[in-house]
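Atoms within each ligand, like the ligands themselves, are counted from 1 in listed order. Worth knowing before you read on, the calculation uses all heavy atoms, side chains too, and leaves out hydrogens, waters and symmetry mates.
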Amino acid sequence: MKDPDANANPPVDGSELIRFEKVTKRFGSNTVLDNLDFAVDSGKHVTLIGPSGSGKTTILRLLMTLTKPDEGTITVDGEKLFPAPEKQVREVRKNIGMVFQQFNLFPNMSALRNITEAPVTVLGLSKDEAEERARGLLDLVGLADKADARPTQLSGGQQQRVAIARALAMRPQVLLLDEVTSALDPELVAGVLDVLRDIARTTDITMLCVTHEMNFARDISDQVLMFDSGRVIESGPPEKIFSDPEQDRTREFLSAVL
Ligand SMILES: Nc1ncnc2c1ncn2[C@@H]1O[C@H](COP(=O)(O)OP(=O)(O)OP(=O)(O)O)[C@@H](O)[C@H]1O
Ligand SMILES: [Mg+2]
């Protein structure tokens with residue numbers, strides 16, 4: 001563990017990609033994140049587990065700047081994401097991609113266009129460059145033949161694989177995954193998890209992942225963080241957390257989900 005008193009001037013050692021320092025987030029009188037400190041090193045795959053309402057999605061939404069903390073600082077690759085001027089936020093945000101539980105594809109666009117849209121409008125790629133990148137990614141997620149399909153013509157699992165390709169098209173340093181298989185029919189889950197395993201194995205992207213798929217978490221994670229009431233109550237490698245947790249709360253949670 002890092003020295004909790006060393007927060008005033010955190011070292012940027014080049015390997016640390018994400019850092020939350022004393023982050024507090026409240027909704028009304030509900031303190032969802034309570035003085036939260038944690039860091040993720042570049043290239044690592046970190047899984048967040050914990051009971052419903054423990055603040056897992058809120059952490060990912062803070063990184064996507066879909067919501068703001070009440071207190072504390074969030075740093076990505078040595079640059080402040082919060083607090084920071086709007087222009088800096090936009091730059092830092094480009095390093096972060098997210099895939100949601102509900103795939104949120106643009107319904108009126110083909111799979112290909114869903115993937116090329118942001119690289120063209122946000123990164124300024126030419127249409128040809130963006131399409132080349134998008135076709136490579138469709139191939140990676142096993143959908144090379146679905147470039148022209150609309151979301152309604154795709155299964156849930158296929159839509160989610162397009163959503164993964166869309167996030168990767170921005171070449172983010174960090175991929176945030178929030179229960180990306182929990183809206184899928186059971187027979188479609190494995191295909192999506194296989195794609196994510198592949199990405200974890202073959203790229204150097206940093207992953208921050210919320211999942212109830214404990215076998216998947218065990219396979220891909222370098223580190224598991226157990227949340228309860230807006231704090232990390234336990235963290236460690238998956239073999240330790242899943243097989244021999246220190247905290248009763250972790251044990252209870254795991255016996256309920258496993
Ligand atoms: N927009 C919002 N307005 C008010 N309260 C919110 C809002 N978003 C989240 N909350 C509250 O914050 C707490 C944490 O929510 P969050 O979605 O981060 O939990 P979670 O750990 O992702 O839970 P789950 O496993 O059910 O997805 C909950 O008590 C929730 O009701
Ligand atoms: Mg959630």
- prompt: Under the 4.0 Å line, does any protein heavy atom show up next to atom 18 (O) of ligand 1?
  reply: yes
field: From CA spacing to verdict: side-chain hydrogen bond (donor to acceptor under 3.5 Å, both in side chains), T116, K127
entry: CA-CA 7 Å; T116 59; K127 188 161 168 282; over 6 Å; no
task: Find all atoms of ligand 1 within a distance of less than 4.0 Å from any non-hydrogen atom belonging to T57, and give their numbers and elements.
output: 17 (O), 18 (O), 20 (P), 22 (O), 27 (O)
- prompt: Can you tell me if T57 has an N, O or S atom under 2.8 Å away from the Mg ion (ligand 2)?
  reply: yes
query: How about T73 and E21: does a side-chain donor come under 3.5 Å of a side-chain acceptor?
result: yes
- prompt: Any N or O on G53 sitting closer than 3.5 Å to an N or O of ligand 1?
  reply: yes
statement: If we number the atoms of ligand 1 from 1 as shown, the ones under 4.0 Å from a heavy atom of T58 are 14 (C), 15 (O), 16 (P), 18 (O)
Pair up each side-chain donor or acceptor in residues 44-55 with any protein partner under 3.5 Å, not counting sequence neighbours, and list the distances.
from, atom 1, to, atom 2, distance (Å)
H45, ND1, I220, O, 3.1
T47, OG1, S221, OG, 2.6
S54, OG, P51, O, 2.7

- line: Note: heavy atom closest to atom 24 (P) of ligand 1, options S182, G230, S52, belongs to S52
- prompt: Under the 4.0 Å line, does any protein heavy atom show up next to atom 30 (C) of ligand 1?
  reply: no
field: Which of the ligand 1 atoms, numbered from 1, are nearer than 4.0 Å to a heavy atom of E179
entry: 25 (O), 27 (O)
query: Which of the atoms of ligand 1 are close to S54, meaning less than 4.0 Å from one of its heavy atoms?
result: 19 (O), 21 (O)
message: As an exercise, identify every atom of ligand 1 less than 4.0 angstrom from a heavy atom of N30.
response: 29 (O)
task: Identify whether NZ of Lys or CZ of Arg in R161 sits under 6.0 Å from the centre of the six-membered ring of F103 and within 45° of that ring's axis.
output: no
query: For Q153, does the CD atom have more than 12 heavy-atom neighbours from other residues, nucleotides or ligands under 6.0 Å away?
result: yes
message: Does this structure show an ion pair linking K87 with E91, if we count only N-O contacts that are shorter than 4.0 Å?
response: no
query: Are R133 and E129 close enough for a salt bridge, meaning some N to O gap below 4.0 Å?
result: no
- prompt: When you look at CG of N215, are more than 12 heavy atoms from neighbouring residues, nucleotides or ligands closer to it than 6.0 Å?
  reply: no
task: Can you sort out which atoms of ligand 1 are near G55, meaning under 4.0 Å from one of its heavy atoms?
output: 14 (C), 18 (O), 19 (O), 20 (P), 21 (O)
- line: protein heavy-atom neighbour closest to atom 12 (O) of ligand 1 works out as V32 CG2, 3.1 Å
Nearest neighbour in protein (non-hydrogen) for atom 1 (N) of ligand 1: F27 CE2, 3.7 Å
- request: Considering only non-hydrogen protein atoms, determine which one is nearest to atom 25 (O) of ligand 1 and report residue, atom name and distance to 0.1 Å.
  value: K56 NZ, 2.8 Å
message: Once salt bridge (charged side-chain N to carboxylate O under 4.0 Å, His left out) is applied, do any residues pair with D244, and if so which ones, sequence neighbours excluded?
response: K240
